[in-house]
Structure formats: C-alpha cells, structure tokens
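Here is the structure we will look at.
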2 protein chains.
Amino acid sequence: MSIRRGRSVTISDVAEAAGVSRAAVSKVIRNAYGVSPGMRERVEDAIEQLGYRPSVAARALRGSSYRLGLETPHVNARFMTQIVEGAKRAVTGTPYQIILAPADGPEYGTLESLADGLVDGIIAVSPLVDQTWLEDLAKRVPVVMLGRHDTPQGYDTVIGDDHAGARAVMRHLLGLGHRRIAHLTEPEPVTAPGCGTPHAIRLEVYRACMIEAGLGAHIQIARRTAGADSAQSAAAELLTRPDPPTAIFAGHDDMAVDALAAAAGRGVAIAGYDNTDLAAHPLIGLTSVDQQGVEMGAQAATMLLERLQGRTEPRRYMSTTELRIRTSTTSVSPG
Amino acid sequence: MSIRRGRSVTISDVAEAAGVSRAAVSKVIRNAYGVSPGMRERVEDAIEQLGYRPSVAARALRGSSYRLGLETPHVNARFMTQIVEGAKRAVTGTPYQIILAPADGPEYGTLESLADGLVDGIIAVSPLVDQTWLEDLAKRVPVVMLGRHDTPQGYDTVIGDDHAGARAVMRHLLGLGHRRIAHLTEPEPVTAPGCGTPHAIRLEVYRACMIEAGLGAHIQIARRTAGADSAQSAAAELLTRPDPPTAIFAGHDDMAVDALAAAAGRGVAIAGYDNTDLAAHPLIGLTSVDQQGVEMGAQAATMLLERLQGRTEPRRYMSTTELRIRTSTTSVSPG
DNA sequence: TTGAAAGCGCTAACAC
DNA sequence: GTGTTAGCGCTTTCAA
C-alpha cells in the first residue's frame with residue numbers, strides 16, 4: 001500500500017472512507033456527544049477497515065496525549081516497581097497509559113523533558129527538587145509528587161508515614177536488646193537534616209530513638225557512596241569500625257540487601273524499608289517496613305486523573321506502614 | 001506571567017524576542033545550516049531568557065520527537081534493568097532520550113501505542129509477536145527487536161547466544177555428576193517447540209543435552225504458571241515429584257531465584273540465566289549465564305540510532321555468553 | 001543568510 | 001446531528 005515511512009492512515013482517510021467530516025471521526029474516537037448511532041457505526045467500520053490509529057503527537061498538540069509520565073529514579077529501583085505496578089493498575093480502564101522516564105542525574109532534566117508536551121500529567125519522585133520550581137512546573141502540567149513532605153499548593157503529594165515506619169524499626173531493634181544500632185542511608189544531599197525527604201526523616205527518627213533510649217553515644221551513620229550503585233562498601237566499612245554495630249537499620253531494602261551481603265555470616269541484625277518482593281525471599285528474609293508502595297502508586301495515578309478532570313486544590317495521601325518481621329533480625333542475637 | 005495552563009513560551013515568542021523569524025529559531029535549535037553567528041547568539045539569548053523548550057508534540061508531528069521507546073515486559077524484570085541501562089548509556093550525548101513503555105499483556109497493544117507517533121523508534125522484547133506484523137510495524141517506524149532469532153528484513157535484532165549459553169549450563173550440571181536435571185521455564189506459548197524464542201531454544205538445548213547424555217528418561221520440565229508472578233510453586237511441584245531432580249536449570253534468574261526459595265535447604269543445585277545483579281549476592285550465589293545484557297541494550301539503541309540516520313538494511317547482533325559459576329551449584333552434591 | 005507560507009493530524013468553536 | 005474552519009507549535013520548501 002503505502003510507500004513512504006510514516007505515510008499512515010489519518011483522520012482524513014477515515015472521514016473520506018466513511019463519507020463524513022473529520023470532526024465527526026474525532027467525536028467518535030473521543031466518545032463525544034452529538035454522534036448518531038448510524039454515523040458512529042460507519043466511522044467505526046472505517047476505522048477498523050483502515051486500521052486507523054490516532055496520532056498521539058497531533059492529539060497532544062491540540063489536546064491530550066493520554067499519556068501519564070512516571071519519572072523513575074535509578075536508586076531504590078525495587079521500590080519503584082511497586083509504584084509502577086500501582087500506577088498501571090489505576091489507569092486500567094481509562095484511556096490513559098503510563099510511560100516511564102528513567103532518571104539518573106538531577107531530576108530537573110527528566111521532569112522538564114516530560115513536561116515538554118509529551119504527557120498530560122507527571123508523577124515523580126524528586127525529593128530534592130526545589131518546591132518553587134515544582135510549583136512552576138505544576139502550572140504547566142498536572143503533577144503528583146511521591147515522597148515529599150512539603151505542603152504544596154499546585155501539586156499533590158503521596159507519602160508514606162516515615163515517622164511511624166522508622167520508629168517501628170527502631171522499637172523492634174531496641175526491643176531485641178540491640179544497643180549499638182547503626183543507620184545506613186543515602187548520600188548527603190538527600191539526607192541533609194531538615195530537608196524533609198523520607199530518608200532525612202528516617203535518619204532523624206533513628207537519631208531521636210537512639211537518644212530517647214539513652215544510646216546517643218552509639219549513634220553511627222553510614223552513607224552509600226554517591227554514584228556507587230551498591231551500599232555494600234559503606235556497610236562493610238561500618239562493620240569494621242572499632243565498635244561495630246550489632247544491628248543496622250537501612251534506609252531502604254536495596255541498601256539492606258547490600259548490607260546483608262556485607263554482613264554475611266557475621267550475625268548482624270539488619271532491617272530495611274519498603275518491603276520489596278525480595279525481602280520475603282527465604283534466603284533473604286529481610287525485616288522491612290511495608291509502606292504499601294502499590295497503593296501509593298495507584299493513589300498517585302488516581303490523583304493525577306482527578307487533576308486531569310479539573311480538580312485544582314492540592315491533595316495529600318499518606319499510606320500506613322506496617323513492620324514485617326523476618327529472620328534478618330530475629331535469627332541473630334545482640335551479641 | 002502566564003495565566004492558563006499550557007500557555008508556555010513558544011517558538012514565536014522566541015522569534016519575536018530575538019527579532020527574527022520562527023524559521024530562524026527552528027534552525028538554531030536544530031543546529032541546521034544557514035545561521036549567522038550573530039543571529040544564533042541573539043536567538044540563544046532569547047531562548048535562555050524566556051526559558052523556551054520546544055514542544056515535543058509539535059516536533060513529533062512535523063519531524064522527530066527525539067524519543068526512543070523501549071517496551072519493557074513485566075516478566076524477567078531484572079534482566080530488563082540491564083537492557084535499559086545499556087540503552088540509556090548508548091543515547092548519552094545524542095539528542096535522543098529513552099522512554100519506557102511497560103507491557104503486561106500481549107505486546108501488540110504496547111507496541112502499537114508506541115508507534116502512534118510518540119517516539120522516533122522502538123526497541124522491544126516481543127518474542128511471540130508475528131513476524132509479518134513486525135515487518136509492517138517496521139515500515140512505519142524503525143524497530144530493533146531483542147531476543148528474536150528470526151531473520152527479518154525490515155528491522156534489526158539483538159540476541160544472546162542461547163544455544164551456547166544453555167549448553168554451558170547443561171555441561172556444567174552434567175559435569176558435576178547430576179543426572180536428574182529438570183528444566184524450569186516460561187509458560188507454554190513462549191516455549192512452544194520451534195517457535196524460536198530464547199526460552200524455546202534453551203528448552204530444546206536442555207532436551208538435546210539430556211538425550212546426548214543418555215538421560216532422556218530423566219527429562220523433566222516445569223513451567224511457571226501463566227499469570228503468576230512467581231515460579232516458586234512450579235519449582236515446588238517439581239521437587240515433590242516421585243523422582244525429584246537433583247538439579248534445576250531455570251530459564252532465567254528470576255525463576256531461578258524463585259526455585260532457590262522453593263528448594264531452600266533441600267540441597268538442590270540451581271542454575272539461572274542472565275546473570276542479574278542478584279545472582280552475585282552472597283546469600284543467593286546463583287550460577288548463571290552472563291549474556292551481557294547491558295551491551296545488548298546499548299547495541300539495540302545504537303542500531304536504532306543508525307536506522308534513524310538512514311540505514312535500511314537489517315542488522316543482527318549476537319552477544320557472547322559466559323557461565324558464572326557460584327555456590328548455588330557448587331555447594332551441593334548430586335545426592 | 002533570512003523570512004514567508006504551507007501544512008503535519010488533530011480538536012474545538014461555531015455555523016448550519 | 002453534522003460539517004466548516006481555524007488553529008495547536010513546529011519544520012520545511014522556496015523566494016527574496
């Protein structure tokens with residue numbers, strides 16, 4: 001049939017084949033009002049016949065692309081899996097689709113490129129991005145942010161209860177009799193005191209719990225090396241300190257799994273955060289905080305759809321947390 | 001400034017601010033010929049000043065979106081991580097970006113939606129999609145397929161050496177003295193004999209090696225339940241058969257990890273495929289075939305860029321494989 | 001080297 | 001209920 005690449009069938013072809021106007025075809029594909037059953041049928045036949053598929057680019061230019069962009073940072077990838085799963089679930093049955101934009105560096109670039117007219121809305125995990133910058137972004141395109149404890153006015157937030165989750169971990173470890181408990185966390189900018197990221201809060205709670213327990217002198221913090229995928233060396237360093245910890249509270253499961261690798265056979269209790277699928281594996285058996293990532297992803301997508309339907313006042317969703325206790329903490333003693 | 005959403009700065013605004021025509025601005029942002037240094041500078045200043053970002057939708061409608069779509073199936077997610085990593089690496093320094101389209105069901109839908117003018121090219125893992133259908137798709141948009149052993153004429157392929165890889169696993173297990181070796185693989189359609197998917201080939205090689213070794217009577221095949229995320233129950237079922245295997249060759253690492261869970265403590269040797277990051281973890285220690293997923297992803301993206309530059313004759317890249325031997329097979333005896 | 005103008009495929013007013 | 005028309009923001013001949 002067609003010779004040149006891209007010479008695909010357009011709305012005009014369908015209109016011609018069905019003997020109607022392009023506007024009519026447009027109405028049919030959007031389920032808009034003012035279409036008689038007869039016309040609808042003829043148009044749908046023509047669409048079927050010609051294998052017509054609307055151009056996303058053209059639709060986006062004029063109205064909606066029906067694509068929601070989800071920015072996925074490289075770190076903590078296993079938790080993002082849950083988010084993606086939830087988001088996909090939430091758009092099922094709607095005309096919207098989720099597309100993923102992998103980010104590595106500072107997230108400004110990825111977010112901007114998502115906002116460049118490719119998607120109708122954005123879900124992102126960018127704890128460090130400036131709030132005013134985000135408010136500006138949110139003026140151009142609907143935005144839902146994950147893991148931000150700020151109180152925005154132009155976008156929505158979906159967060160876990162980091163205070164409760166971290167406290168549950170600490171209570172658990174302290175209850176087991178551990179005194180030298182260390183915290184393994186993300187590199188500096190994202191854990192700076194008062195910056196309000198989930199990891200900063202978990203760190204603060206760790207500190208507070210240690211002090212409350214009269215263990216201020218045993219506070220030990222290790223950070224994953226910036227740029228390094230693995231937290232294994234950071235955990236290893238922790239374990240070779242003069243007075244090594246008997247327990248490690250890792251900021252998320254990926255780091256906890258790295259810590260397990262570093263601590264293999266040393267009898268160190270390790271707890272993580274996010275309850276990723278791997279935590280339940282019998283060979284891993286990682287105690288972890290379930291913050292219901294799938295539900296968080298679903299909520300984020302749902303909130304975005306609401307904004308697309310016209311809501312403008314900001315909303316905030318906080319998921320509940322539950323500690324899943326497994327052998328990584330129960331099979332070792334405080335030594 | 002702007003009131004309504006989407007009222008962002010356009011090429012006309014830049015043109016006006018710089019006192020030039022829109023065509024001139026277009027040339028500048030595309031680094032096209034025929035721009036005087038002076039004009040270029042004024043335009044770039046205006047772009048900077050106004051914070052102009054070209055609309056992807058508008059560009060896509062007329063030319064390129066500068067986005068490459070990578071379809072990521074849900075199964076075998078850990079291997080896809082390598083592919084994504086490689087693809088991202090390959091587009092670094094080019095104007096192109098990778099976007100991910102998660103697929104769950106039959107991949108036709110995801111591929112079509114990618115082809116709807118959103119991206120300039122497609123990288124996909126769709127072993128079951130019909131070749132002629134793909135050839136048609138490839139007429140509309142450049143396509144590179146991963147894990148297809150067919151010989152297409154309109155698209156490129158990137159594959160691993162499944163024959164060599166599977167044979168290495170079998171040689172290893174047989175060399176260890178195992179006789180009752182089972183194969184854990186994907187659900188039926190993707191492993192149907194002769195369908196040419198990587199998993200079908202690994203299965204065939206398994207069969208052939210067993211027969212060559214005079215162990216035809218010990219051939220045992222288990223398939224992950226279609227729809228179930230985990231292969232754990234399939235592996236468990238395998239282990240409760242009357243004459244249970246002493247070794248399991250799993251079609252990929254995710255299934256191998258599930259098999260490890262099912263076999264925990266039973267002294268069954270388990271080998272996987274893909275050498276995902278988890279395989280090297282000390283608590284997992286999974287013997288696995290490294291087929292260089294990152295390189296495969298990079299090659300796929302590079303080939304796509306070549307097509308975008310005009311290449312039309314099909315190319316094929318096959319990665320080499322190497323068996324990584326770890327404790328999952330070496331710490332147990334054939335019993 | 002620069003700009004005017006046409007048009008990519010679609011949607012949204014508005015007329016009929 | 002249906003069609004006409006005017007763009008969305010950009011690229012691309014083609015004249016100047």
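In what follows, chains carry the letters A, B, and so on, assigned in the order in which the sequence lines appear, proteins first and then strands, with residues in each chain numbered from 1. Values reported hereafter were calculated over all heavy atoms of this structure, with side chains retained and with hydrogens, waters and symmetry mates removed.
- Between the side chains of Ser26(A) and Arg22(A), no donor-acceptor pair is found at a separation under 3.5 Å.
- Heavy-atom nearest nucleotides on DNA chain C were determined for Arg40(B) and for Leu61(B), and the one closer to the 5' end corresponds to Arg40(B).
- With a 4.5 Å cut-off on side-chain heavy atoms, Ser8(A) and Arg53(A) do not count as touching.
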(message) Output one letter per nucleotide in nucleotides 10-16 of chain C: B when a protein non-hydrogen atom lies under 4.0 Å from the base, S when only the sugar-phosphate is that close, - when neither is.
(response) BBB----
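- Lys88(B) contributes atom NZ, which lies 14.0 Å from atom CG of Leu68(B) (distance to the nearest 0.5 angstrom).
- Computed from coordinates, the Asp116(A) CG to dC10(D) C1' distance equals 13 Å when rounded to whole Å.
- Under a 4.0 Å N-O distance rule, the pair Arg315(B)/Asp156(B) does not qualify as a salt bridge.
- Following rounding to the nearest Å, Tyr33(A) (OH) and dG1(D) (P) show an atom-to-atom distance of 11 Å.
- Around atom CD of Glu135(A), more than 12 heavy atoms belonging to other residues, nucleotides or ligands sit under 6.0 Å away.
- Taking atom CG of residue Asp13(B) and atom C1' of nucleotide dC10(D), one finds them 13 Å apart after rounding to whole Å.
- The nearest whole Å value for the distance from the CD1 atom in Ile47(B) to the C1' atom in dC10(D) is 13 Å.
- Between the CZ atom of Arg67(B) and the C1' atom of dC10(D) there is a distance of 14 Å, given to the nearest Å.
- In this structure, Asn31(B) atom CG and dT11(D) atom P are separated by 12 Å, rounded to whole Å.
- Protein atom CZ of Arg140(A) is 14 Å distant from nucleotide atom C1' of dG9(D), rounded to whole Å.
- A donor-acceptor pair shorter than 3.5 Å cannot be found between the side chains of Tyr66(A) and Asp116(B).
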